[in-house]
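Working notes, structure below.
Per chain, numbering begins at 1; letters A, B, ... match sequence-line order.
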Protein chains: 4
Amino acid sequence: MCPKIIDKKVKKQDILEAAINVFAQQGIPNTKMIDIAVKAGIGKGTIYEYFRSKEELIKEAFRSYIVKLDKAAVHKMEEADHPIDKLCNIIDGWMGVIETSYEESKVMIDFWAQGLRLNRVIEEFNLKEIYHNYRTLLSGIIKQGISREKIHPVDPNLMASVIIATLDGIVLHWIIGKEFFDLKDAVELFKKSTIDPLRKI
Amino acid sequence: MCPKIIDKKVKKQDILEAAINVFAQQGIPNTKMIDIAVKAGIGKGTIYEYFRSKEELIKEAFRSYIVKLDKAAVHKMEEADHPIDKLCNIIDGWMGVIETSYEESKVMIDFWAQGLRLNRVIEEFNLKEIYHNYRTLLSGIIKQGISREKIHPVDPNLMASVIIATLDGIVLHWIIGKEFFDLKDAVELFKKSTIDPLRKI
Amino acid sequence: MCPKIIDKKVKKQDILEAAINVFAQQGIPNTKMIDIAVKAGIGKGTIYEYFRSKEELIKEAFRSYIVKLDKAAVHKMEEADHPIDKLCNIIDGWMGVIETSYEESKVMIDFWAQGLRLNRVIEEFNLKEIYHNYRTLLSGIIKQGISREKIHPVDPNLMASVIIATLDGIVLHWIIGKEFFDLKDAVELFKKSTIDPLRKI
Amino acid sequence: MCPKIIDKKVKKQDILEAAINVFAQQGIPNTKMIDIAVKAGIGKGTIYEYFRSKEELIKEAFRSYIVKLDKAAVHKMEEADHPIDKLCNIIDGWMGVIETSYEESKVMIDFWAQGLRLNRVIEEFNLKEIYHNYRTLLSGIIKQGISREKIHPVDPNLMASVIIATLDGIVLHWIIGKEFFDLKDAVELFKKSTIDPLRKI
DNA sequence: AATGAATGAGATTTCATTCAT
DNA sequence: GATGAATGAAATCTCATTCAT
């Protein structure tokens, strides 16, 4: 139909993936536009045909990465019935993505650092919003589980916050030193200690 | 006796504190030497009387911050007897520092991002080492607790890792959005779900 | 075929010539990168597309200048048969370059001063080596002349050293004050007193 | 009588000698005021009690060095009767100073480079003038020798110029690489080829 | 008189961005 | 549409000089 448009989209995605890759490897502030161009196998100027600026590129890279995580999580979630299983599936979805792409996952820390300073100004790169959506997703499941008597009463918002925090904490420390503990073991320990006990029936 | 030496140390610490402050506010990569100088109320050249380079300053700021956290944690730890109480006291020590300095705590995320890229080369700014020391501290307490039958058998290293990860995760998300949950509540929830059940007697 | 490569080479040479020019006029240590850029009619950032650093530029300027002198000398030398004539031709070749570019020749003094401190570390800017090559060239001609009985026996190395030294001395003082003596007259006096008497047949 | 004044003079000379030393070792442009202070064993600020600025210090160091050379030369000159011997004595005087202080002699090259750019503006550091004085000294001796029929007729000014040029050339190349020839041998070769033949009776 | 901590003008260098080809 | 040469704003860092002690 419109091959040009498809081409453009593909190439844009290629650049984004190259960018995420280099961001993860070198850190966002250390990454020069030329590095991304080289990684993507294109000319330096070409990036600007697809992104207005480095900041724009960072924001889109972030979005692209989040979307990827989302897909994995949401996909898994659907398969479960009991809210606890839903939670576990979401967790497994997220962690699955992280586990299969250690190097790439490093970019999360840069996104956190970047996002912290951009919150106020920019909507497209809003850590708060994104994590609040996750929180809402989880607390919704928990809330429903409580009202359906499948989960022991807890503060759904707090529990959701702790789940997200713990997972990101585990990711952070696994990235800092993957040789010190096994990602899956840590997640299982967390699930056993914090998620499973919530189960009522 | 040697007023000059004391003066120099004090001024160096002043600069470090100004730096940490600005780093936390603006992010390390966005922070210019002149910003630190202005914050410290000195000329930009003066910084170089105390630190060889920006990188050196960052590393020392990191160290200085870690030492601060350490002091708070170790101080609290001593007061307890039962290993579970020791763990809780360490946790409370860390979280106490974080809670009383929200703005400053933001710098942690920059340190994580920075540290990730510097690990290989530099020893003074070694996230891996620092966290491994924490891990060893906690797992030592746990191990001892198990052998003294005060703690249920668990993998001490994994448990230590999860504790550290969870705390940092909570800190991370509290920094991203402190309005969404209460730091203390989250920590208490974590202690209740994960630490307390370890207690044997 | 490859117009870009040729362009780059030409532009690099342009920058080098601008640099030598400004170095000669102002002295190397007084020359700022911006001065060279202005002289070359480009932006200061552009220099760094062609040279990694100021030091690199200095070294290449030095080399470029030496090559120029070499060409002139070697060219002339070939034309002679008797070793004394060869020596005289080399001398005339060198002095010809110097004489036709008084202003530019000033750069030699800066190169001497620079080269003195860089010898130890760097090979590309090795005064010792360059002058030793000249010495070898001249002493070779003298040695051959002696063995072929065309030149009276002298220490070839010492004679070569004195020739080079005298020429550079004359250049030095002509640069310091060209109004005090005529370059050619001085060179002729030197040839008559020192070179000519070497001739056997 | 006035110990303070004497003290001041001595200390000033100490600083000058330290400066010449460091200038020779590192090159004038690479020498920081602090280097000189350290070498002289005094505080950085103290230099400014004796010299208005770095430039002033350079100029006085130059003068101090020249005076030293002068003394040695003039002293020797007096001892001779025949103008050729006078010339030789002056030459020996100069070269004697050079030979006994290889490291320090390097500073000459820096003085040449510096002097070249300062000629126009400043009188205290006037290479042209200084060397013209030398030229006048030598050409005066030669002129007198010619009129007294002790020296073959030559252009006194040109001969004086060539003598000075050759000596400085030999010094230059001996400094660049003292291992390649013997200073005295070179000077003797020069005297034999150029000075001695001037002798009439 | 002597000092060295403080300073900021000024130098080098980097790199996101532009734009002619 | 793609490119990379050119650019200059802006950053880091140096160091001669000042001045309070």
> Given dA6(F), dT13(E), dG4(E), which nucleotide is nearest the side-chain atoms of K44(C)?
Replying inline: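 Closest nucleotide among those given: dT13(E).
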>> Closest approach to the side chain of E49(D), judged atom by atom: which nucleotide of dA2(E), dT7(F), dT12(F) is it?
In response: dA2(E)
> Considering residues at least two apart in sequence or located in another chain, which fulfil the salt bridge (Lys or Arg N to Asp or Glu O under 4.0 Å) criterion with K54(B)?
Replying inline: none
>> For dT14(E) and Y48(C) - does any side-chain N or O of the residue sit under 4.0 Å from the phosphate oxygens OP1/OP2?
In response: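 No.
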> Is K8(B) near enough to dA5(E) that one of its side-chain N or O atoms lies under 4.0 angstrom from OP1 or OP2?
Replying inline: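 Yes, K8(B) has a side-chain N/O under 4.0 Å of OP1/OP2 on dA5(E).
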To the nearest Å, give me how far apart [atom1] ([X]) and [atom2] ([N]) are.
X	N	atom1	atom2	value
I28(D)	dA16(F)	CD1	P	13 Å
K11(D)	dT3(E)	NZ	C1'	10 Å
M33(A)	dT3(F)	CE	P	14 Å
L57(C)	dA11(E)	CG	C1'	15 Å
K32(C)	dA9(E)	NZ	P	17 Å
E56(D)	dT17(F)	CD	P	10 Å
N30(B)	dT12(F)	CG	P	11 Å
K54(D)	dT18(F)	NZ	P	15 Å

With sequence neighbours excluded, what pairs up with [X] under the side chain to side chain donor-acceptor pair (under 3.5 Å) test?
X	result
S64(C)	Q13(C)
K39(C)	none
K32(D)	none

> Tell me, which stems hold DNA chain E, with a stem being 3 or more Watson-Crick or G-U pairs in a row and both distances under 3.5 Å?
Replying inline: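 Expected stems, ordered by start: E:2-21 with F:2-21.
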>> Using a strict threshold of under 4.0 Å (side-chain N to carboxylate O), is an ion pair present between E49(B) and K11(B)?
In response: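 No, K11(B) and E49(B) are not salt-bridged.
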Mind checking whether [X] and [Y] have side chains closer than 4.5 Å, heavy atoms only?
X	Y	result
F62(C)	I66(C)	yes
D35(B)	Q25(B)	no
F23(A)	I36(A)	yes

>> Return whichever of I47(C) or T46(B) has its heavy-atom-nearest nucleotide of DNA chain F closer to the 5' end.
In response: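 The residue whose closest nucleotide sits nearer the 5' end is I47(C).
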>> Once you measure the plane-to-plane angle for Y65(A) and F111(A), does it fall in the parallel (<30°), tilted (30-60°) or perpendicular (>60°) bin?
In response: tilted
> Which residues, if any, of residues 34-42 of chain D bring a heavy atom under 4.0 Å of DNA chain F?
Replying inline: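 Heavy-atom contacts with DNA chain F come from no residue of residues 34-42 of chain D; none.
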> How would you label the contact of Y50(B) with the nucleic acid (heavy atoms, under 4.0 Å): base, sugar-phosphate, or nothing?
Replying inline: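 Touches sugar-phosphate only.
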